[in-house]
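All figures in this text were calculated on a predicted structure; none of them were measured in a lab. Whatever order the structure lists ligands and atoms in, that order sets their numbers, starting from 1.
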Amino acid sequence: MKEALILKAYEIARERYAAIGVDTDRAVERLEKQQISLHCWQTDDVSGFESGDALSGGIQATGNYPGRARNIDEVRRDLEFVKTLLAGSHRINLHEIYGDFGGRAVDRNEVGAEHFASWIEWAAENGFKLDFNSTSFSHPLSGDLSLSNPDPAIREFWIEHTRRCRRIADAMGKAQNDPCIMNIWVHDGSKDITVRRKYYRELLAESLDEIISEPLPWMKTCVEAKLFGIGLESYTVGSMDFYEAYCATRQLMYTLDTGHYEQTENVADKVSSLLLFIPELMLHVSRPVRWDSDHVTIMNDQTLDLFKEIIRADALDRSHVGLDYFDASINRIGAYIIGTRATQKCILSALLEPLDKLREYEADGKGFQRLALLEEAKTLPFGAVFDYFNLKNGVPVGEEFISCIEKYEREVTSRR
Ligand code: RNT
Ligand code: ZN
């Protein structure tokens, strides 16, 4: 009965969209192909499996909702469950601190592909591709400066770590026959006024140059800019200007985290400028609330606009979509599903934009008509297409996933 209703609603939606030149079947097919890189750190509040330091590096997970994954098996089990509630095939984004260290202390400058062999196996068994991140935070040598540290020994430690991580990413990419995207975000910055802004940036550029000089065919490196971290409010070495210029001159992928800009800034507007000069984008889709708070991604104007700009720039194939938030105050699995599905909604909504007609109006100088169609497009039966997408892929439609997560909570996470 419900299925029949969803199909009926979709038939109507298909006709409505067709009338303005939009092919809903094609949009659904494109969305099915769109992988989203699921950040493993939502399962455990960015703790990882080193038994050491508390979360540092200017980021913070707030909340203490019960059921956090405490070890590698629980993280994997949660991710396997997440998969059952999402249409499409997705990627898992690992941080170095999630290595399979078997209870041994493996320092960051000793890590190797062997510590990720079981992840590679698990990913293949479960139909996931892997992405990767070096980890500069939550370590005795993290301090305020890692790759830009004036102390050559500390700097060298982090260079070695990041080089090793690139090799791990390469091993992952080779095993999965698809390049692994490795993100480099370092927290480096200063709490108070610094009079050596240029010096640290020189050091960061030098360290990065050394790190990326090794050719590794099965991985792609991206670097992530940031506005500021907690406790590092006055200065960030890897600012947006720094990485924009760095990526343009090195032809490197740029990581655009939607939480990493001034709150009144239009992040979506950066897409078309960046993509003119840099090869690809890695997206960290997040939700800042007053600051880079990493709230769960929702279908809001910022996220909708981001994907509209990507589609309008014909750049979905040059953009890698990943999530980056960590909310410890609500059911963590629920947070995953809300954020991933919201991202899919935003992509779908962008794919359903009547672009041909809008561009025709614009070319003809028909400003009223363009604005009118943009407005009307907002209330077209978008939800019917999204429901159909989920039904077609055999995952819960609409709010059905709430009870699935409640059941998993009763049977699994509440017993932790
Ligand atoms: C921090 C960056 C970074 C991290 C993850 C854990 O501000 O957004 O991407 O969130 O690496
Ligand atoms: Zn990020």
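Rounding to 10 degrees gives 90° for the angle at the Zn ion (ligand 2) between OD2 of Asp257 and OD2 of Asp324. With the Zn ion (ligand 2) as the vertex, atom OE2 of Glu224 and atom ND1 of His284 span an angle of 100° (nearest 10 degrees).
Using modelled atom types, no side-chain atom of Glu411 and backbone atom of Tyr408 make a donor-acceptor pair closer than 3.5 Å. With Arg14 contributing its side chain and Thr24 its backbone, the two residues share no donor-acceptor pair below 3.5 Å.
Judged by a 6.0 Å distance limit and a 45° cone about the ring axis, Lys345 is not positioned over the six-membered ring of Phe382.
Checked against the 6.0 Å centroid criterion, the rings of Phe132 and Phe116 qualify as a close aromatic pair.
Distances below 4.0 Å separate heavy atoms of Asp292 from the following atoms of ligand 1: 7 (O).
For a threshold of 3.5 Å applied to N or O pairs, the pair formed by Asn133 and ligand 1 contains no separation below that value.
Assignment of His39 to the shell around ligand 1 is not supported, since no heavy atom sits closer than 4.0 Å. Note on ligand 1: His260 sits in its first shell, one or more heavy atoms being nearer than 4.0 Å.
The Zn ion (ligand 2) lies at 2.8 Å or more from every N, O or S atom belonging to His260.
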- prompt: Checking salt bridge (Lys or Arg N to Asp or Glu O under 4.0 Å) for the pair Arg76/Glu80: CA distance, chi angles, key distance, verdict?
  reply: CA-CA 6 Å; Arg76 286 179 185 160; Glu80 286 162 27; over 6 Å; no
